[in-house]
Every structure is written in structure tokens, then in C-alpha cells.
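Shown next, in C-alpha cells, is the structure this report addresses.
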Amino acid sequence: MSRPLSETKKTRETLCRAERLTLKRRIDELMSQGQAIKQPGMTVIFKFMELPTPFPAQVMFSASKRNYKRSHDRNRIKRLMREGYRKQKHIVYSFFEKHQTQCALLFIFTGRQLPNQTYVHGKIFGMLKRLTETPPIPIAKPSDHDEKIQP
RNA sequence: AAAUGCAAUCGCUUCAUCGCUCUGUACUCGAUACAGGGAGGAAAGUCCGGGCAGCACAGGGCACCAUACCACGUGAAAAGUGUGGGCAGCAUAGAUGUAAAUUUAUGUUGACAGAUAGUGUUGCAGAGAUUUAGAAUGCCGAAGCAAACCUAGUUUGCUGGCGAUUGUGAGAAGGGGGUGUAAGAGACCACCGGCAGCGAUGGUAACAGCGCUGGCCUUGAUAAACCUUAUGGGCUGUAAGACCAUGUAGACCGGGAGUAUAAGAAGGCGGCAACGUUUUUUUAUCGGAGGGCGGCUCGUCCGGACCCGGAGGGUAGGUCGCAUUAGUUAAAUGAUGGAGCAUCCAAGGCAACUUGGUGGACAGAACCCGGCUUAUAGAUUGCAUUUUUUU
RNA sequence: GAUCUCGUAGCUCAGCUGGUAGAGCAAUACACUUUUAAUGUAUGGGCCCUGGGUUCGAGUCCCAGCGGGAUCA
């Protein structure tokens, strides 16, 4: 499963399919058992679990249909979030690799108005910084459900 | 030149860096490198239709639904749509005319068959709303009866006659004129108008104008009320459907039906044999129970023993369907910067324009195709009308 | 992707074959009561989701849109 990655692949600012969360069963598990970090405008749900990918994390992005009726608005928000994550993912990648773990991430945009790139970029940066402050759980052990959300 | 209406087209361009998706090729097989493709006019709404799939192979009649001026394309097709035409309405302009109006041209709009096949509805108002209606305001005093008087008659009242006038209403039984009459009325006459029928002419046709009738004129509106006529339509929908994998209950309850007939072949058993019996299978006849052809019925097909209903149990993963160079299964087109081109704002200028700033309409394919509808900053082109300016 | 329903007073709903808008609760005022509640009487409140069309006349019929809700193997 986990083939050793070349050093260039890890450091380059890419986001291919193996780095995205695509399986319905795993998404359901993340939604029901994951922990959440909330900030105004954005929420992150994450869970340390074993993933069928050489990358240390898999990610997905979402925007609520209730706040954004039009599909092109939701598409744009997801594209902006994907761009921000792509540029800054090395922050969490190095952190996860140091602790020998894998993590599933779900970014939910909860704002009301259509944002621009700099706003989303800053939000993603703050989120990733706070992720590095959480105590990671090695993938060998089952995750603890009753863990408190970090302030 | 501007504005408005209609029709049509476009709807940011380009460069650099980073990144996404599909296909192909290469090798050290990493999801690495290279090459190529990569969102609209509406992709939207799902309002119509087709491809395609299932319901047995998609049959007849009724019911139901849809459509409705004509010709030619497109289409399986009523349709829809394109081009051209006919008719009707509206607007503008011109001509004739005192005027009402008529007519011509241009533009534009029209769910544009039938109300003389039948049924229904037509509130309120009004005398009366469609079986030759009705008498409120009215007109008449010819005819009949009665009374009075100045008694061959006149007046008044009642019976009566009338449908012109006023008024109501969306709509009141063709128009104004004459004859006629007690008063009146298409009751009659000429003209005009409408409808129907017939005839010939022009046109492929819709239709047009013309002529004729001892014809009808008592016959409003509504079919987007039922309906009539003509034409078309079987129903359900890609969550259709096919295959693989996993799993389960051929169990339970209620109801119904009962294992056909004949011939041939093969095997088993009994018997010395003829033969008998039983199982499997083929053909022919019959086709009960029940079911299908999603409304009913006819007709037809399946059905050789199980069928119908109830209540439950189980699985809910994958591949195909699925794309002629967009293409996926949490679903790809983005970000940043530079230059240009629009919009908007501010300042300057008589103006062309200059400087600075802002910053790009509606909107994102999910099986495909055609039509319709809706959203749309702005730009361009054509036609028509109006206004102003110049020649 | 497909199929189907519903928009009427502040709320929940009637309104059948077209004729001009109704019920219950709520609100306001008055009466009763020391006061409130309950009760009784009266009153107001609607561009019938929006825009066109048919018709003398549309909540109702037809067309298009907007918004809510439900279902599918």
C-alpha cells in the first residue's frame, strides 16, 4: 500500500487524487466519529485513521447548500479552499510524518458571503496551525472518541 | 445621431509561473516525463418530443390525453419549428370625404376548426336574458262592453292592440328611409349589411372579389364549459434495465386449485415368454386453477402444479448502461502577476479626449439529441417608426 | 436524474360545476369582576405567491415563472 515517496513529490505544491478523500464509507466514519475545530467562517473535522495512500493525509472540501444556493458559488468556494490548502499543506505534512500517523480532514466553509482568495488563504493557515497543536494519535491504536476539543 | 420595437450574432483577449482531469507514448513503473483534448447560450427549469430500456411480440373497440388557417421543408408523427402566404385585431402614415367612415402601404400581435349538431351557464341591475321575450316610462282609441252627455256622434273607464320611445345592462332580436296603420312592426318596398346554398373566375391551397336565389335575418356571449368534427397517442422511465459478488426463509399465516388424455423411445423391477408396472423424455390433443397485455372489454399468450394475498427476513458493494476529441462517480477549467479591451466613479477640458481609481452579466455538463420557457453587464449588425441636426 | 403535490387574515384551514371573501384561534374596544383569567357583545385586519391571457366578469379556467414539501432502487 504505502510505497516510499520521492522527496520532490512531498514538497511540491500539488493536490492529486490520492490526497483527496473519495470513499463514502470513510466519509461517513469521519462525520460520525471525527473531532472538530471551529472558527468563524470555517470548520475542520479530522480523525486519525489508516488511509490507503502514501500521503500522510487525505482531505475534502465542502460548502453548505443552505448558504449558497447556486452551484457555481459552491464550486468557486471549494476551488479557493483547495488552492489555499495546496499552497500550505507542508505545515501539516511535516507534522504528521514526524508522528508517524495519517489523518482524514474535512474543511467546511460556513461563511455567508462569497470570499476572495486572501481571506480563504488566511483561514486555512490558521486552521492548519491549530491542527499542529493537537496531540496526534498513532494509527496502530484505535482512536479515542471522548477526547476533548482543543480550545 | 439618439430613442423605441422586432430579428440575428458575440458575450473578455493574450503572456508567464504554480496546479486539476482524461487519452496516448516512453522508461528507471513513479500515479515520473513528454504530447494532445478539456464547460454553455442558456449547461438551468423539466414544459414538450425522440433515441434507448423494460413490461410476452405492443393487437381491435370504448374510455382518457393531446393538437387545430394554408402550402412547402425538417420530423416516424398529431405537433413543434423554419420560409412564404391567407384572414382578423392594433399602431403609424398617406388618399377620398363636411363628418362618420372607407381604402392603401408599412410594422406588429393572434391557443386562428365548429355557437345554424345538441346540452349547460349568463350573478347584480332591468319590465323583459332566447319554448315567435316583456309592458315600468309610454303610444292608440280601429273592434267589444259599460257609463255620461249637447245621441248618425263625442268623452271617460275596462277588455284590448302595439313594440317605435325612455331607462337598465357586457349583451335587448339587422341599419337608416318610405309605404302602411287607430297606433305600430321586414307586415310590405327599394338600397345597404350579415348568414346559408348554388354557379363560374383567379389561386396548389387557405382564401379573394363577382353573379344568382319569390332563400333566411326569431336565432347575443361563452367551446381557455361539457361537447362535435378531423388527426395523433399502449404504459413506465437511465434510481429504466443487464451482469457479477455478498446474504437470506424452498420457512410462517389466510384463501383457491388439484397432478390430464393418446402414441413413440430409453432405463429399472416382476415374469420362461407374451406382457404388466414404474421413472425419465419426445410429439400431438385439450388448456380447467391462476396470471400477463397497469382503466374496461374483446381477442390473444403463458401456465402440466402450483397460484394469489398478508406479515416478515436478507442484501444494499462493483461492472456495464455512459458518449464520434469534455467527461466523472463526493464529480476536472482554478490561483497569482503583467499587458490590453469594456463598464462605472472622480478630476480637467468647448469637444475629440487625458489622468487616477474600481473592476468583468447570467451562470457550471452528469445518458444523448431537437424544440419551448426563464435569467443575462455590455458590444455589434440588419429592418421599421419617431425626434433633432446637416446637405 | 425522474415523478408528484401545495401557496387564501398574525396562525391553522374552508371556498364543488366562474358572479365580487369565510370559519376557528389570535388582536382591539366595551360589559362582567376589587383586578386578572374565563365568559358575552362588537370591531378591524386580505392587491387570494407573481406576471400574462380567455371572459362582460377570475381565488376558481389556461400558460409561464417564484417559493415550500414529499417520493423513488
Side-chain angles (χ1 to χ4, degrees), chain A residues 1-132 134 136-137 139 142-143 145 149:
Chain A
M1 180 184 75
S2 295
R3 190 171 278 126
L5 283 165
S6 62
E7 203 58 33
T8 58
K9 182 68 187 171
K10 265 185 285 190
T11 53
R12 285 185 59 184
E13 297 174 341
T14 62
L15 191 66
C16 61
R17 180 167 291 171
E19 298 176 75
R20 295 202 291 257
L21 198 57
T22 57
L23 203 65
K24 180 174 170 53
R25 196 168 59 239
R26 207 157 280 126
I27 294 164
D28 289 340
E29 189 182 344
L30 173 64
M31 294 289 281
S32 58
Q33 302 175 4
Q35 310 164 33
I37 297 174
K38 291 184 184 175
Q39 273 190 357
M42 194 174 286
T43 302
V44 177
I45 299 175
F46 67 96
K47 183 176 187 300
F48 295 100
M49 59 167 74
E50 193 175 355
L51 297 169
T53 175
F55 294 98
Q58 275 188 332
V59 69
M60 64 181 292
F61 303 92
S62 170
S64 167
K65 196 172 186 178
R66 187 188 302 173
N67 293 342
Y68 303 97
K69 300 279 185 199
R70 304 292 181 181
S71 57
H72 68 273
D73 291 337
R74 295 196 297 274
N75 274 351
R76 174 154 184 85
I77 288 163
K78 286 193 276 186
R79 279 169 184 157
L80 290 174
M81 288 200 290
R82 205 178 298 139
E83 190 73 13
Y85 178 79
R86 180 175 72 79
K87 288 276 176 65
Q88 305 173 67
K89 67 177 183 177
H90 58 275
I91 298 169
V92 285
Y93 271 31
S94 57
F95 174 73
F96 291 147
E97 291 234 315
K98 197 171 70 182
H99 292 86
Q100 294 287 323
T101 185
Q102 283 183 314
C103 184
L105 296 165
L106 166 60
F107 288 83
I108 303 174
F109 195 82
T110 55
R112 293 274 169 183
Q113 286 141 4
L114 205 59
N116 58 7
Q117 175 61 36
T118 56
Y119 178 81
V120 175
H121 197 270
K123 279 287 174 190
I124 296 268
F125 179 76
M127 279 300 179
L128 296 179
K129 273 294 177 195
R130 286 181 53 175
L131 260 179
T132 58
T134 58
I137 300 152
I139 54 174
S143 59
H145 296 182
I149 295 169

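Note that the coordinates shown come from a computational prediction; the quantities given were computed from them, not determined experimentally. Each chain gets a letter, A, B and so on, in the order the sequences are listed, and its residues count up from 1.
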For this session: Among the candidates B:rG19, B:rA335, B:rG364, find the nucleotide nearest to the side-chain atoms of A:Arg76.
Result: B:rA335
Seminar exercise, completed: Assigned chi class of B:rA133 under the 90° convention is anti
For this session: Would you kindly give the CE-to-P distance between A:Met81 and B:rA332, to the nearest whole Å?
Result: 13 Å
For this session: In whole angstrom, give me the gap between the P atoms of B:rA206 and B:rU166.
Result: 46 Å
Problem set entry | Along RNA chain B (nearest heavy atom to each residue), the more 5'-positioned of A:Asn75 and A:Phe61 | A:Phe61
Exercise. With syn defined as a glycosidic torsion within 90 degrees of 0 and anti otherwise, which applies to B:rG141?
Worked result: anti
Exercise. Expressed in whole Å, how much space separates the C1' atoms belonging to B:rA148 and B:rA133?
Worked result: 40 Å
Exercise. On a whole-Å scale, what distance lies between the P atoms belonging to B:rG107 and B:rA346?
Worked result: 44 Å
Exercise. Using 30° and 60° as the class limits, which term best fits the ring planes of A:Phe46 and A:Phe48: parallel, tilted or perpendicular?
Worked result: perpendicular
Problem set entry | Interatomic distance where CG belongs to A:Leu80 and P belongs to B:rG19 [whole Å] | 18 Å
Exercise. Across all strands shown, which nucleotide pairs with B:rA274 by Watson-Crick or G-U wobble geometry, both distances under 3.5 Å?
Worked result: none
Problem set entry | Nearest listed nucleotide, side chain of A:Arg79, among B:rA335, B:rG364, B:rG19 | B:rG364
For this session: Quick one: classify the glycosidic conformation of B:rU168 as syn or anti, with syn meaning within 90° of 0.
Result: anti
Exercise. Could you give the NZ-to-C1' distance, from A:Lys78 to B:rA330, as a whole number of Å?
Worked result: 7 Å
For this session: Send over the distance from A:Tyr85 OH to B:rG19 P, rounded to a whole Å.
Result: 16 Å
For this session: Measure from CD on A:Gln58 to C1' on B:rA31 and round the result to the nearest Å.
Result: 14 Å
For this session: Check the pair A:Leu128 / A:Phe95 against side chain to side chain contact (heavy atoms under 4.5 Å, CB included), numbers first and verdict last.
Result: CA-CA 10 Å; A:Leu128 296 179; A:Phe95 174 73; over 6 Å; no
Exercise. Any side-chain heavy atom of A:Gln88 sitting closer than 4.5 Å to one from A:His121?
Worked result: yes
For this session: Hey, could you give me the NZ/CE distance between A:Lys38 and A:Met127, rounded to the nearest 0.5 Å?
Result: 10.5 Å
Exercise. Which whole-number value in Å describes the distance from A:Ile77 CD1 to B:rU333 C1'?
Worked result: 18 Å
For this session: Could you check whether the rings of A:Phe107 and A:Phe61 sit parallel, tilted or perpendicular, using 30° and 60° as the cut-offs?
Result: parallel
Exercise. Is the base of B:rG186 syn or anti, if syn means a glycosidic angle within 90° of 0?
Worked result: syn
Problem set entry | Spacing of the P atoms in B:rC70 and B:rG114 (rounded, Å) | 11 Å
For this session: Step through the shown structure and confirm whether more than 12 heavy atoms of other residues, nucleotides or ligands are within 6.0 Å of CZ on A:Phe125.
Result: no
Exercise. With both distances kept under 3.5 Å, what pairs with B:rA260, Watson-Crick or G-U wobble?
Worked result: B:rU285
Exercise. Expressed as a whole number of Å, how far does the P atom of B:rA339 sit from that of B:rU388?
Worked result: 48 Å
Problem set entry | Spacing of A:Ile45 atom CD1 and A:Leu106 atom CG [to the nearest 0.5 Å] | 5.0 Å
For this session: Tell me the partner of C:rU43, counting only Watson-Crick (N1-N3 plus N6-O4 or O6-N4) or G-U wobble (N1-O2 and O6-N3) with both under 3.5 Å; none if nothing fits.
Result: C:rA27
Exercise. Taking atom C1' in both B:rA379 and B:rA88, what distance in whole Å separates the two?
Worked result: 40 Å
Exercise. What does C:rU34 pair with, Watson-Crick or G-U, if both distances are under 3.5 Å?
Worked result: none
For this session: Could you please name the partner base of C:rG1, counting Watson-Crick and G-U wobble pairs only when both distances are under 3.5 Å?
Result: C:rC72
Exercise. Considering Watson-Crick and G-U wobble pairs with both distances under 3.5 Å, what does B:rA185 pair with?
Worked result: none
Exercise. Across all strands, who's sitting opposite B:rU131 as a Watson-Crick or G-U wobble pair, both distances under 3.5 Å?
Worked result: none
Problem set entry | Integer angstrom distance from the P of B:rU130 to that of B:rU121 | 10 Å
Exercise. Rounded to whole angstrom units, what separation is found between the CZ atom of A:Arg82 and the P atom of B:rC20?
Worked result: 11 Å
For this session: Can you tell me, in whole Å, how much space there is between the P of B:rU13 and that of B:rG40?
Result: 11 Å
Exercise. What integer distance in Å separates A:Glu83:CD from B:rA332:P?
Worked result: 14 Å
Seminar exercise, completed: Which of B:rA363, B:rG334, B:rA330 is nearest the side chain of A:His72? It is B:rA363
For this session: Using Watson-Crick or G-U wobble geometry with both distances below 3.5 Å, tell me the partner of B:rA384, or none.
Result: B:rU4
